[in-house]
Amino acid sequence: MVYLSETVKLNNGLEMPLVGLGCWKIPNDVCATQVYDAIKLGYRLFDGAQDYGNEKEVGEGIRRAIGEGIATREELFVVSKLWNSYHHPKNVKPALKKTLEDLGLEYLDLFYIHFPLAFKYVPFEEKYPPGFYTGAEDEKKGTITLENVPIIDTYRALEECVEEGLIKSIGISNFRGILIHDLLASAKIPPACLQIEHHPYLTQNNLIEYCEGAGIRVVAYSSFGPQSFLELDSELAKDTPTLFEHESVAKIAAKHKVSASEVLLRWATQRGIAIIPKSSKKERLLNNLQINEKVTLSDSELKAISALNKNIRFNDPYTWRGCKFPVFS
C-alpha cells in the first residue's frame with residue numbers, strides 16, 4: 001500500500017508534501033536505491049542540494065521510479081539548493097543546469113539559496129561540488145574567500161530561471177529575519193519556503209512567526225538536533241544531551257506509545273512546519289511518512305517540547321573550517 005503525505009499550499013499555488021525525504025548524508029552507493037524505495041512507499045518530496053554530492057544518484061532513483069510507472073514527474077516535488085560558490089548572477093543558471101543534468105530532469109519544483117554567503121567562484125572542472133574549497137591557495141592557508149555579490153543579485157537570477165521554466169519555486173535557507181525582510185522589499189517573486197535548522201533546542205519562534213505572516217512556508221532540517229551532527233564529529237553535538245532520551249520527550253512518547261523521534265517530528269508538523277527526515281530503514285521511513293496520523297500532541301505537550309529551547313545551533317558557518325563569518329550573529 002502506498003501512503004502519501006498530506007500537502008500544504010505554497011504562496012505560488014503549488015502543493016508541497018508536508019513530509020519529505022532529506023538526501024543529506026545518504027551515501028552514494030545506496031542513494032539511488034533508497035530514493036527509489038522511498039517513492040514506492042509513497043514519498044513524493046526529495047530534498048537535495050548541490051553540496052550533498054549525490055544528485056546523480058538521487059536522479060537515478062527518481063528516473064527509475066518514473067520509468068516503472070510508480071509515479072509521474074508531475075507527482076514528485078524535487079528540491080535542490082544553490083551552493084555558495086555560484087551566487088554571482090552569471091553562475092546561477094549554469095549551476096542550476098548542472099543540477100538538472102545530474103538529476104536528469106527538466107525542472108525543479110523548488111531551488112533554495114543554500115546560505116546567504118557568497119564564496120569565490122570555483123569552475124566545475126576544478127572541483128564539484130566545491131564545498132569549502134575556494135582555490136588552491138586558500139586550501140593551503142585553510143581560508144575561504146568571499147565574492148562581493150548582494151543576495152538580491154543572486155535572487156534576480158533565480159527569478160529569471162522561474163520565468164524560463166527551469167524552476168517553479170524559489171526558496172531561501174539559513175536566512176535571518178532582517179535579511180528576509182530586505183529581500184521581500186526587492187523581490188518580484190516572493191520566496192516560497194525558508195529552510196532552517198529547527199528542533200526543540202533551537203525553536204526560532206520569532207522567525208517562524210514572521211515567515212507565517214509573510215506567507216513563507218517554513219521547512220525544518222535536523223529535526224533531531226544533536227543526533228543529526230554526531231556522524232560529522234561535532235564536539236557541540238557530542239556534548240549536548242540527546243533529545244531522544246530527554247525526560248520531557250520520553251515521557252510524551254511513552255504516553256502516546258510512539259518513539260521519541262516520532263514525537264519530535266510531530267511537534268513540527270502539528271505546527272505547520274514541513275519536515276525532511278532521513279532514514280535508511282524502510283519501517284522508519286514509513287513511520288515518518290505516516291506521522292500525522294500516528295499521533296496528535298496536546299497543546300500542553302507542544303508547549304513542553306518548545307520549552308526545551310536553548311538556542312543551540314549545530315550548523316553555524318562561523319564554526320566551519322576557515323569560515324569565520326557570523327551569518328547568524
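Annotation: cation-pi pair K81/F111 absent, no NZ/CZ under 6.0 Å from the ring centroid and within 45° of its normal. Under the 6.0 Å distance and 45° angle rule, R176 does not count as a cation-pi partner of F328. Judged by the 6.0 Å distance and 45° axis criteria, R73 is positioned over the aromatic ring of Y107.
Looking at K98 and E101, no side-chain N of the basic residue comes within less than 4.0 Å of a carboxylate O on the acidic one, giving no salt bridge. A salt bridge between K25 and E231 is present, with a side-chain N of the basic residue lying under 4.0 Å from a carboxylate O of the acidic one.
Inspection of the S80 and E55 side chains reveals an N or O donor paired with an N or O acceptor under 3.5 Å. Using a 3.5 Å distance cut-off with no hydrogens or angles, the side chains of S222 and E197 do not pair a donor with an acceptor. With no hydrogens or angles considered, a side-chain donor-acceptor pair links N287 and K294 at under 3.5 Å. Using modelled atom types and a 3.5 Å distance limit, the side chains of E245 and T242 yield no donor-acceptor pair. Counted by atom type alone, N174 and Q195 present zero donor-acceptor pairs between their side chains at under 3.5 Å. For the residue pair Y36/E68, the side-chain donor-acceptor check at 3.5 Å is satisfied. In this model, a donor atom of one side chain and an acceptor atom of the other lie less than 3.5 Å apart for Y221 and N315.
Below 30°, between 30° and 60°, or above 60°: for F229 and F314 the angle between ring planes is below 30°, a parallel geometry.
Applying the salt bridge (charged side-chain N to carboxylate O under 4.0 Å, His left out) rule to K278 yields no partners; only residues at least two apart in sequence or on another chain are considered.
In this structure, K168 and L14 have side chains that are in contact, with non-hydrogen atoms separated by less than 4.5 Å. Between I208 and H198 there is a side-chain heavy-atom pair separated by less than 4.5 Å. In this structure the side chain of I276 never reaches within 4.5 angstrom of the side chain of L21, judged on heavy atoms.
A ring-ring contact (aromatic ring centres under 6.0 Å, His included) with F115 is found for one member of Y86, F175, F132, W320 and no other, namely W320. If you run side chain to side chain contact (heavy atoms under 4.5 Å, CB included) between P200 and each of N309, V263, I312, L264, only L264 comes through.
Note that the CG atom of L265 and the CD1 atom of I275 stand 4.0 Å from one another [nearest 0.5 Å]. The distance from atom OG of S85 to atom NE2 of H114, rounded to the nearest 0.5 Å, is 11.5 Å.
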Verdict with reasoning, F325 to Y318, per ring-ring contact (aromatic ring centres under 6.0 Å, His included): CA-CA 5 Å; F325 306 119; Y318 194 80; 8.5 Å; no
Evaluation steps, salt bridge (Lys or Arg N to Asp or Glu O under 4.0 Å), between K140 and E137: CA-CA 5 Å; K140 290 178 184 178; E137 289 302 313; 3.7 Å; yes
Steps toward side chain to side chain contact (heavy atoms under 4.5 Å, CB included) verdict (K255, E301): CA-CA 11 Å; K255 176 184 174 182; E301 290 170 335; 3.3 Å; yes
